[in-house]
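Got a structure for you, written out below as structure tokens; questions coming shortly.
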Amino acid sequence: MGMESKLRDDRLDIYRGFFMIYILSVVHLIYWLRIEFIAPYIKGLFLIEMPIVFYVSGWAFSISSKKIYLKYLANRLKRILIPYYIFVLLISLLLIVLSFFSSIDYVNQVYTKKYWIDSFLLSSPSSSAIWFVKIYLIISLLAPLIYQLRSHLKFFFFFTLFALFIARYYGLPNYLYYIFCYGFFFLAGICHKKILSAISIKTKFFYSSISLLIILFLLFFCDYDIDMQSNKFPPSLLFFSYNVFFLLIFGGQISKACVSLCHNKFIYKIAHIYAKEGYLIYLYQIILFYPLRLIFMKLHEANVNYHIPIEILLVLLSFIYIILSGALLGYVIGTIRKKICSFIVARY
């Protein structure tokens, strides 16, 4: 009974932890390691992670204590930018060291002015995963404004459909696509309690049907690519509709599965490490993936002729390795952070 009560209290952290695990151990694994036995359009079906991240972020914002905007702004900038700039500095120092032993172009880019300007503007070329940080910061800074729209979720849904459709044909700066799409999921997260208590099967059927009809229309009558990866950067109307449909149909089952898995204390501890240190694990995930990328690169270069069951086994072993090594990385980061904080408090 104590465990059940604990799981109810920690649901938000459980979801946050599991979705960070999902990003690293599923999405980035199948894309970064060139898992070729999975067709591109099948891989694209797994790209439901960022809408869920923003949904959970909106949920977290809705239950947080509301502060004066300037205090909130300072807190967001500190929590997002300081770890980011530390990451860029450490990666840049590593690239400088590597530049003495390698002539690869991307290693030497650290000596260019463009590299440092891009890094300062949150477009660091040191990691392809960094695109998320800028969008996360923008949505976070808009959070108090989005919160004011919490009574207009239905309107914002149709507004987003219209905006993404018009934007494709008339063009908009890329960041507006992200704000429209992920802003909606952030707002949906803010309305999480209302959605849980008020949404009926009839309403869910209505919105999932609209989303499905839009998906079919775009695929059969417009020139949209079926591969969600090509619709993700920036998020298109097809990407948005697919994720709305997926969350309406499978969101409840995913939530129950996450809570059910956390009845195991070991899994519960891992999920909490990811929930607490997820952002830093995300930034430093290259440490986890580098050994795997080397192994898979060597296998591809050697043209090793292995069968699908062996490939599946390699992917499963990689999946377990990423989860456990990510938890270890989060534990190390958390320990270092605590020691630094304790040292600062003791000194001052």
Side-chain angles (χ1 to χ4, degrees), residues 47-64 66 69 72 76 131-132 134-225 228 230-252:
L47 297 178
I48 46 93
E49 77 287 5
M50 283 304 158
I52 294 178
V53 166
F54 281 98
Y55 183 96
V56 172
S57 297
W59 179 9
F61 180 81
S62 71
I63 61 176
S64 64
K66 303 299 176 286
Y69 183 69
Y72 168 79
R76 287 289 86 194
W131 73 269
F132 162 75
K134 181 187 287 187
I135 306 305
Y136 185 67
L137 178 62
I138 292 172
I139 296 293
S140 294
L141 298 184
L142 291 174
L145 177 62
I146 297 174
Y147 183 76
Q148 299 304 316
L149 299 171
R150 61 191 182 279
S151 300
H152 307 285
L153 183 62
K154 293 178 182 178
F155 167 79
F156 201 69
F157 170 73
F158 289 105
F159 173 79
T160 303
L161 290 177
F162 177 77
L164 290 174
F165 181 77
I166 294 298
R168 176 179 172 87
Y169 296 101
Y170 291 96
L172 283 174
N174 275 359
Y175 69 88
L176 288 179
Y177 289 83
Y178 294 102
I179 291 173
F180 289 141
C181 178
Y182 295 126
F184 169 80
F185 290 107
F186 189 88
L187 177 60
I190 288 173
C191 301
H192 173 75
K193 285 188 177 178
K194 189 166 73 171
I195 290 173
L196 277 183
S197 61
I199 191 167
S200 63
I201 295 176
K202 183 179 177 181
T203 303
K204 186 182 289 190
F205 177 77
F206 175 73
Y207 284 102
S208 58
S209 297
I210 288 176
S211 301
L212 182 59
L213 287 172
I214 291 172
I215 291 168
L216 295 174
F217 175 79
L218 295 177
L219 289 177
F220 288 101
F221 299 102
C222 300
D223 58 340
Y224 280 75
D225 195 321
M228 285 297 157
S230 62
N231 287 279
K232 185 180 177 181
F233 300 107
S236 69
L237 180 57
L238 179 63
F239 180 83
F240 174 78
S241 302
Y242 167 70
N243 275 280
V244 170
F245 176 79
F246 185 93
L247 290 177
L248 283 170
I249 299 300
F250 300 108

Next item on the list: Mind listing the closest non-hydrogen atom pair of S151 and K194 along with its distance?
Entry: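 Smallest interatomic distance, heavy atoms only, reads CA-NZ, 4.0 Å.
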Note to self: Any non-hydrogen side-chain atom of F245 less than 4.5 Å from a side-chain atom of S241?
What the structure shows: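 SC-SC contact between F245 and S241 ruled out.
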Note to self: Within this structure, what is the OG1-NZ distance for the pair T203 and K154, rounded to the nearest 0.5 Å?
What the structure shows: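 With rounding to 0.5 Å, OG1 (T203) is 6.0 Å from NZ (K154).
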Notebook entry, point to check: Rounded to the nearest 0.5 Å, how far apart are CZ of F54 and CD of E49?
Noted result: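 With rounding to 0.5 Å, CZ (F54) is 10.5 Å from CD (E49).
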Check: Side chains of F186 and Y147: does their closest heavy-atom pair fall under 4.5 Å?
Finding: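 F186 vs Y147: side chains apart.
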Next item on the list: Inspect the surroundings of OH in Y69 and state if more than 12 heavy atoms from other residues, nucleotides or ligands are less than 6.0 Å away.
Entry: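 For Y69, atom OH is crowded (more than 12 foreign heavy atoms under 6.0 Å).
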Margin query: Just verifying a value: how many Å separate Y242 OH and K232 NZ, rounded to the nearest 0.5 Å?
Written below: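 Going from OH on Y242 over to NZ on K232, the span is 11.5 Å.
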Notebook entry, point to check: How about I48 and L247: do any of their side-chain heavy atoms sit closer than 4.5 Å?
Noted result: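 Side chain of I48 against side chain of L247, heavy atoms only: no contact under 4.5 Å found.
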Notebook entry, point to check: Which atoms form the tightest heavy-atom contact between I249 and S208, and what is the distance?
Noted result: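 So the two residues come closest at CD1-CB, 3.9 Å.
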Margin query: What I'd like to find out is whether the side chain of V56 reaches to under 4.5 Å of the side chain of H192, using heavy atoms alone.
Written below: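 Answer no - side chains too far apart.
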Checklist line | Derivation of the side chain to side chain contact (heavy atoms under 4.5 Å, CB included) call for Y136 and R76 | finding: CA-CA 10 Å; Y136 185 67; R76 287 289 86 194; 3.8 Å; yes
Check: Pick one: which of Y224, F165, Y177 meets side chain to side chain contact (heavy atoms under 4.5 Å, CB included) with S236?
Finding: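 Result for side chain to side chain contact (heavy atoms under 4.5 Å, CB included) with S236: Y224.
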Check: Are F185 and I52 side-chain neighbours, meaning at least one heavy-atom pair lies under 4.5 Å?
Finding: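 No, their side chains stay 4.5 Å or more apart.
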Next item on the list: Return the minimal non-hydrogen interatomic distance between R150 and I190, and the atom names on each side.
Entry: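 In this case the closest contact between R150 and I190 is CB-CG2, 4.0 Å.
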Next item on the list: Looking only at non-hydrogen atoms, find the nearest pair between F157 and S211 and report the distance.
Entry: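 So the two residues come closest at CZ-OG, 4.1 Å.
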Check: Counting heavy atoms not belonging to Y175, are there more than 12 under 6.0 Å from its OH?
Finding: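 No, OH of Y175 has 12 or fewer neighbouring heavy atoms, counting only those of other groups under 6.0 Å.
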Note to self: Suppose we screen for side chain to side chain donor-acceptor pair (under 3.5 Å). Which residues come up paired with S62, at least two apart in sequence or across chains?
What the structure shows: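 Counting only residues at least two positions away or on another chain, S62 forms no side chain to side chain donor-acceptor pair (under 3.5 Å).
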Notebook entry, point to check: Within the distance-only criterion (no hydrogens, no angle test), does the side chain of N231 pair as donor or acceptor with the backbone N or O of D225 below 3.5 angstrom?
Noted result: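 Yes, because the side chain of N231 sits within donor-acceptor range (under 3.5 Å) of the backbone of D225.
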Next item on the list: Scan F162, F158, F240, F159 and name whichever one has a ring pair (Phe, Tyr, Trp, His ring centres under 6.0 Å) with F180.
Entry: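 Of all the options given, the one that passes is F159.
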Next item on the list: Would you check if the distance from the ring center of F132 to the ring center of Y182 is below 6.0 Å?
Entry: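 They do not qualify: ring centres at least 6.0 Å apart.
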Check: Roughly how far, to the nearest 0.5 Å, is the CD1 atom of I179 from the CG atom of L142?
Finding: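 Reported value, rounded in 0.5 Å steps: 5.5 Å.
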Check: Is any side-chain heavy atom of Y72 less than 4.5 Å from a side-chain heavy atom of S140?
Finding: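 In short, these two side chains touch, coming nearer than 4.5 Å.
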Next item on the list: Check whether any side-chain heavy atom of F246 lies under 4.5 Å from a side-chain heavy atom of P51, and answer yes or no.
Entry: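 They are not in side-chain contact.
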Check: Heavy atoms, side chains only, cut-off 4.5 Å: are F155 and L149 in contact?
Finding: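 A side-chain contact under 4.5 Å is absent here.
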Check: Closest heavy-atom contact between L47 and M228?
Finding: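 The answer is CD1-C, 3.8 Å.
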Next item on the list: Look up atom SG in C222 and atom CG in L238, then write down how far apart they are to the nearest 0.5 Å.
Entry: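 Interatomic distance, C222 SG to L238 CG, rounded to 0.5 Å: 10.0 Å.
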Margin query: Does atom CG (L145) have a neighbourhood of more than 12 heavy atoms from anything else shown, all under 6.0 Å?
Written below: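 Yes, because the 6.0 Å sphere around CG of L145 holds more than 12 heavy atoms from other groups.
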Checklist line | Distance in Å, I215 CD1 paired with L237 CG, rounded so as to fall on 0.5 Å steps | finding: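 I215 atom CD1 to L237 atom CG measures 9.0 Å (nearest 0.5 Å).
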